[in-house]
Every structure is written in structure tokens, then in C-alpha cells.
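To start, the structure under review is shown below, and the notes come after it.
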Amino acid sequence: MSSGLGKTYEPKDVEKRLYDFWESNGFFESNADHSEEAYTVVMPPPNITGRLHMGHALDNILQDILIRFKRMKGYNVLWVPGTDHASIATEAKIVQQMRKEGIKKEDIGREGFLKRAWEWKEKYGGFISDQVRKIGCSCDWTHERFTMDEGCNKAVSEFFVRLYEKGLIHRGERVINWCPKCLTSISDSEVNFDEKQGHFWYVKYKMYDSDEFVVVATTRPETIPGDTALAVHPEDDRFKHLIGKKVLLPIMDKEIPIIADEYIKMDFGTGVLKVTPAHSPNDFEIGLRHNLPIINIMDENAVLNDQAGKYKGLSRDEAREKIVSDLEELGSLIKTEDIKHNVGCCYRCSSAIEPRVSAQWFVKMEPLAKPAIDCVKRGDVKFIPERFSKIYYHWMENVKDWCISRQLWWGHRIPAWYCGDCGEITVSKEVPRECFKCKSENISQDEDVLDTWFSSALWPFSVLGWPDKTDELEYFFPTDTLVTGYDIIFFWVAKMIFSSLEMTGKIPFKNVFIHGIVRDSQGRKMSKSLGNGIDPIEIIEKYGADALRFALATGNSPGNDMRFSDEKVLSSRNFANKIWNAARFIHMNINGENIKNEVPAKLSDVDKWIISRFNKVTLEVTENIEKFELGLALQKLYDFIWDEFCDWYIEFSKINICDNPENSAENKQVLVWIMSNTLKLLHPFMPFITEEIWQSFPQSEKSAVVSKYPEYTDNFNFKDSENIVDRMIEIIKSIRNRRSEMNVPQNKKTSIYIDLLDGCLNFKEYENMIKKLSYSDNLQFGNNFNIKNCAVILTNFAKIYIPLNQLIDKESELKRMNKELEDAKKYLESSKLKLRNEEFMSKAPENVINNVKNTVSELENKIIKIEKELENLIKNS
RNA sequence: GGACGUUUAGCUCAGCUGGUAGAGCAUUCGCUUGACGUGCGAAAAGUCAGCGGUUCAAGUCCGUUAACGUCCACCA
């Protein structure tokens, strides 16, 4: 950029060019050269299902801030990007796409389908990397990975086989969550419970050998054909005499036993439970305890099968209707009650889950959970904010076995082969030629694929080469920080922790930095069905990536949700423009001169003031980022740049450069130096604009990306100068304030007389600055001015007179002064009260007491002055 | 049924280890000031949800209540 450029920052002109520059220079690349301490982040791989949404943008931006910061801090930084095959989600998308073409999965077969899926992956995976680049993420593309690439496949097999050999993976028949629409099993984490309106049907079950009957309350009469017992509590006096006897299963004309089990709650429903082992996890357990038959009455589409007798062929909803009416006809239905109850639904398609017994693969969780809990308890893995560790514990401590097989095609095929002869299972990393037991070659691989989280669980180390012992694994692992949303703690974070401990013996990451979700301006979750989603790429095209980044990072506090609104982006864009123009101003003034980008030897108080302030901001921002308080850090940079640098230092400089054109070299040098270094501080947050401007000034480094992050130094603490300039600002502000209160327009200049009460301060050097910035055409310093008809401002160190002649309204001035007096007296009283309080005096720390003492003496002075001025005012009127 | 979060200016939210509350947007007034009107200067605006406690001192720590929100569990 140069001074000849436009008044506004145009992100479109720079973003693509700079990203290419960074990437082609290899600034983001890293290797295990052991040069410096490593800092590693693996990107939570976005699903290849489509475009990135605002949540991804937030997640990636937070990572990029940390990564760029650490890189500039001198770490050997590795940020691994990648995408997730997202088994079920992607498969559903492809099926949906195929449906539009009138094709079914079965039409093209497994191979044909996988071919299509890989084409999908190429296309959408590419979109996503492209979008990640647009956001400005400085990840190492030479390390880009995919959860189904060769290395990850190898890791998945290794993981599966090792767990299997250890007895932690097994295949078995259990009641699992079956989605009749996705046609696959899903894990417990993938079931959402939605409250739905339903009914309690009270059904009569007649005793087999008497006219006595019991009543069962059920929400699912369609499962009656699968009932294999009724159960009551063993201590329930109402039913004790019936235990062991048989009842007639209505509509099926079948006898089933009444059993006793402690699981039954006497005070719930009628106290009698119909046991349907094939269609309820709890009933399945009861069935196991009592050796009950397990009758699966539904097929994969949740349509009733042969076992349901005459109800065969009906969907579960049709069957419910039919069975209820049949029961009614038989007189077995006693009453129907409306109830609200929670129904498990598929997290993807929202259809009601059908608990269904089937053969699936499971990971035994208990032995894995314990070390995973311990490593967080020990603090090896830290959650930020800390409260999320509680959620993690709760889940880990109650975790059930993990169902990992899915009846899908897109994903990692289960590395297990069944022998057609002896029926044994061969589990192997390599494709086996024969059954390990009977050596038969008549073997076939399991048709199912693995849960998508099975491969994501390995992500932090599979991307570094595991299971091979690579240099990268040695050097970059464990990774440092995982950045992710709280909505994914169970799905992913927990699984990575136990998998890593089990496979590598190490934690996967030291910190888990949790952020909230991005909501719309009304606080609603962004969703497709609501149509309130905002596309981050559209925002970038309209306002620039830096504006998007600023909007998402500012005011963001760990773990909390945030709202996204146009106003926020707009003010972010304005901030970018502000910086742009500050730079334009500097360029206009240095006007091609060869300015050294360093702190000059000779400094004015104003120079020292801004350097000192910059130094403090550097310290605070660094500390904030290290504590993951990114929103706070950014806020401080914003305030520093806008309020201190632009509104004051640049304004001071204008006057100085104008007054001493031949003597302003140092001033220009400070402008360039502060600007350059502030841009560095800001670079992790707004990489494009900072780089663009930074490069326009003389630099010894090639790019802000690889420049050294500024550091706090004691050499730049100029307390005295800070004090002087702060007071100067106070004087200017108080004059502006008073003028404004009296409705003096800015284009009307006034005289100003300043009586400095504090001998050690000499503002004369800055006379012109004060004069111009307080809209005055005549400024005088002196003592004991005697000026009539003027507004008087009293500060702790100065008495300022503004003659306003005809403008001054004595009435309002009197009123104002009286109020000022009153306020001061009030404040004085409360301060004095403190000093009289013995406990305060004995217990409060000395500096607090001194502060109060100072306040008291200042206030006392002020009150005397105000009273005197009041007297003058009255005398003169 | 458990757990957690939020409650601060009209709106959206900051406020770290306790020391008389801040920003952005909106509002009002004034400004073609030599980078920026995507700007400059100024103003108004808060019983920090209620109650109780600890403390010399509470927005901040503890307890409790309420409203809203989230997660977990789930009984047929």
C-alpha cells in the first residue's frame, strides 16, 4: 500500500494475494526438525458433507489466533488441517442426491456407491479446504489429512485389532438403537430425547387359569406380539400371589409367565411391566436374568414381521392403531390416558429410534474410562473453562459400551472375516487369506462399517503417523490445544482421550479450549430448517475475512454462546478501515522518506507516553492470549489502537509535524514503529490487513506471519511522561467537555487561561497541542488570572478559565457548580467515613488507605476552589 | 429427577486474583479539524435479578429464591 491508495480498505484486493504469498513461501509449513519447542494443534476435521458454517469459522479462527501467536512467539508450530469422511452424514447426503436422480443405493451396488462417495469427497473436501483458506487459517497444507486416507485406515485397523486382542471389542446380540430411516444402528450419544405427546394404554392381561386379570400400562401396544413375560416387583403385595403363574397375551392367544424382578417400580403405572426383550434395552436385561425368549417382531424398516402373526406387514404406526382397536374390540382396553413422554430420536433424521435386538460390535468402555478420568483429575488434560471437566466426568463415569458397527457402506469396513465353514471370526490388520482356526479360504468380510467417531478418536496421533513410530509423533505429540465446541465433548473429546491413552500411552492434548455455539442475532441456533444460518464465506466476500474474524473473536468468552449480527461485522469492518486510514496518514507524512523502523534515541513525553502504553498493552495482550482470553486481548488492542494511538497520538503528531516540519523525524519514526508493532500484536486476530499494512513499512522480516511477536520490556516504562500526557489529555478533555455543555460549537474558537497549580508540571512545551485540541485560538499559562464572565474548570492540578462573555449563562453555571460542589462533598463524606473507621484503618492494605487519603485531600482542595469560584460568580453578577 | 450456565446502560455483551462499574450499537447535541462521515468531539443512561451471609470493603466470594437457557438421565 502507499499513500496514493483509496480511503477505504478493500479486503478483496489483498486477501487472495496475501494467502498465496504466505502459502507459497512455506510460512505455515513445519517439520520435526527439533529446532524449537513444538506447538501442535490438530484441526477438528469438518465433515465433507458440504460447506463450512459459522461454527466452523469460529472454531478455526480461534485456532488460528493461537497458532499465529505461538508461531510469532518462536515455537515450531504445526497445525494439521483435514476433513472427516463422516460416514453416516455423508452417506445420507449422497443417498439424497441419488434419490433426486431416481437411483437407489442398491441399484449401483457397494462398489458403485463408493466410487460416487469418493467423487463427492474430492469435490466437497476441496470446497472446504478452500473455505478454510479464505478464513485465513495458517495451517500446514502439506500435512493435510483425511480420516479415510491410507494412514488413517492403517490406524483404524491397528486400533480395532489391538482392542479386539485385548478383549475390549466383541461382537454380540444386544438391543441397540436402530434408525429405521437411516437403516443403521447408532450409538447412545447419537440418540436425542424429544418430548412428545403420547398415550398410556391400560391393557388387561387375563390369567391363563382363572378369570382374574392384571392391568398393564403401556406406551407401545404395537410391541405386544413381542412380549414374553409380565414382570412385577417381588415385594408387591398386590401381585405376589401371581408370581410364577401364566397370563394370556391378548391378541396373540399365547401364554406368558409372570415373573418377579426388582427393576419394576411399584408406584409407576400399574406396577406391572410387559417385558419385550427384543425391543427395549431394560427388558432385554430382564429377559437375560430370567431366560426369557427374545422375539424380534420388526424388520429393519420397523415393519412387523412373521413373528407378529396377523400384524405382519404393518408399519409400527399402523400396527399400533390396529392393535389398539383390536384390544378395544376384545374388551381388553380399559382406558387411554394422554401423557407427555420422551421419545428417543435419531440425531440425524429425527425419526423415532426403534430399540431392536441385533448383532453388533461393541467396545467395552469401563476399563478405558478409568484412566481417561484420571488424566483429567490429575490435570494432565485441562478443560478451559474448567467447568466442562465436570460434564466430562459425569459422562465418563456412566458410560455404557460403545456400539461401533454401522449398517452403512461409506466408512471404514470392519476388519473381521467370518468363516463359512467353522463360523469363527478372524480379525486382522491385513486382509486374511484363510480362517485363522480351520484354515478354510471360505471367508467373507463383515459387511458393516465403523462409527465415524471410531476414526476421529485417533485423529491427534493418526495424523502424525501412528501406529508407526515417526519423528513427527515423537516431536509433535502430545498436541497442545484442542479447540472445539461443547456440543462435541462426548462424541469426540472423550473418545480421543481414552483412545490415545490406550494406544499411545500418552494424553492426546494438554488443553481443551471449549467455545460455545454461534447463534443468530435473536439468540436462536442457526439451522437449516429455520433458514437463519449465515454463511461465513458470504460475510467474507462482503466485509472481508478480518472483519469476520474480529466479529467472532471479540467479546467471545470461553464456553459461552455468542450472537452474530450484521452490526457486529459492520463495526469490525469499520475497525479495519480505521487501521487502514491510520496507516494512510503515516504514509502521507513520511512521504517516501526512508524512515528507520526503530525507537529513536530522542523522545518527547508524548512519544514516551505512547511507547509506554504500547508496552503495557503488549504485556496484557500476551497474558490474555496465554490464558485463552482471546476476546479480552482483542478488546484491549481495539481500545489501544482506536483511543490511544489514533485519537491521541496521531492527533498530537499532526500538530507536532505541522509545527516542526524539519524537526519531526523522531515523531515519524515512532509512528512507524508503534504502527508496525501494533500490527504484529493484532496480526493473529486480523492477519490480512495487518500483513498488508505492515509490509508497506520498512521491515527487517519478510512477513508479519513469521515476525517476532513484541515483548514487554522494562526499558519502555516511562512513568513520568505517562503522567504528564495523561494530565494533558485530562485538561483537553475537560475543556472540550465544558464547551460542549455550554453549547459552544467546535468552529467557534475561544481563549483559554490555564493556571497550573502543580509546579513540577510544565505544559508550556505542549501549548500548541492543548490549544488546537481544545479548539482555542489563544492559550496562556499564568497565575492568579482575574477574568470575568468565564467558565472555570477545576482539576486536581489546574484551574482553567474559558472566557465566554455573552455565551455564558450564569444561572446554569451556578446550578452546575452547585451540583459539582454537592457531589464533591458527598464523595468527601464517604471517604472520610472510611478513614474514621478503625477496622478499615487497621485491616485494609496500605495502598488502599493511601488512595483514600489522597482522594480526601484532593476533594478538600477542590471544594475550597469551587466555593471560591462560586463566590466570584455571585459577586460578578 | 440430576448437573451446569445466564441474569450488568434501550439492545448485544465485557468486567482476571474483592477496593464507588466499561465497550460496541442505538439515542441526543455539536463538527466539511490537513488518515478515516466506515469519521471527529461531547452527553444522557445502571439499586450489577431478589433475599441472606462472609468481609473494613461484594457486580466479584458463600448460601438461597426466581426467570430464562443448555446438557445428562429416563419409568414401562
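Below, chains carry the letters A, B, ... as their sequence lines are ordered, and counting in each starts from 1.
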Problem set entry | Candidates B:rA14, B:rG39, B:rC74 - which lies nearest the side chain of A:Lys578 | B:rG39
For this session: Considering only atom C1', compute the distance from B:rU54 to B:rC61 and round it to an integer number of Å.
Result: 8 Å
For this session: With rounding to the nearest 0.5 Å, note down the distance linking CZ in A:Phe645 to CZ in A:Phe640.
Result: 7.0 Å
Exercise. Taking OP1 and OP2 of B:rC75, is either one under 4.0 Å from a side-chain nitrogen or oxygen of A:Lys265?
Worked result: no
Exercise. Within a reach of under 6.0 Å around CD of A:Glu846, are more than 12 heavy atoms found that belong to other residues, nucleotides or ligands?
Worked result: no
Problem set entry | Residues A:Lys636, A:Glu620: salt bridge by 4.0 Å N-O rule | yes
Problem set entry | Charged N-O contact under 4.0 Å between A:Lys12 and A:Glu692 | no
Exercise. Considering only the P atoms, how many Å lie between B:rC48 and B:rG39, rounded to the nearest integer?
Worked result: 33 Å
Problem set entry | Phosphate OP1/OP2 of B:rA42: any A:Arg739 side-chain N/O under 4.0 Å | no
Exercise. In terms of the nearest nucleotide of RNA chain B, which residue is placed more toward the 5' end: A:Ala582 or A:Ser557?
Worked result: A:Ser557
For this session: Tell which nucleotide pairs with B:rA23, taking only Watson-Crick or G-U wobble pairs whose two distances are both under 3.5 angstrom.
Result: B:rU12
Problem set entry | Contact state string [nucleotides 20-34 of chain B, B base, S sugar-phosphate only, - no protein heavy atom under 4.0 Å] | B--SS----SBSSBB
Exercise. Rounded to whole angstroms, how far apart are NZ on A:Lys733 and C1' on B:rC40?
Worked result: 13 Å
For this session: May I ask which nucleotide in the shown strands pairs with B:rU7, Watson-Crick or G-U wobble, both distances under 3.5 Å?
Result: B:rA66
For this session: Round to a whole Å and report the spacing from CD of A:Glu620 to C1' of B:rU17.
Result: 15 Å
For this session: Check every atom of B:rC36, B:rG5, B:rC74 against the side chain of A:Arg387 and return the nucleotide holding the closest atom.
Result: B:rG5
For this session: Check every atom of B:rA14, B:rC71, B:rA42 against the side chain of A:Asn560 and return the nucleotide holding the closest atom.
Result: B:rA14
Exercise. Between B:rA3, B:rA35, B:rC74, which one does the side chain of A:Arg584 approach most closely?
Worked result: B:rA35
Exercise. Under the side-chain hydrogen bond (donor to acceptor under 3.5 Å, both in side chains) criterion, do A:Asn577 and A:Thr8 qualify, and how do the steps go?
Worked result: CA-CA 6 Å; A:Asn577 194 53; A:Thr8 50; 4.9 Å; no
Problem set entry | Presence of salt bridge, A:Glu741 and A:Arg738, under 4.0 angstrom | yes
Problem set entry | N-O pairing of A:Arg289 and A:Asp261 below 4.0 Å | yes
Problem set entry | Rounded distance in Å between the C1' positions of B:rU28 and B:rG19 | 34 Å
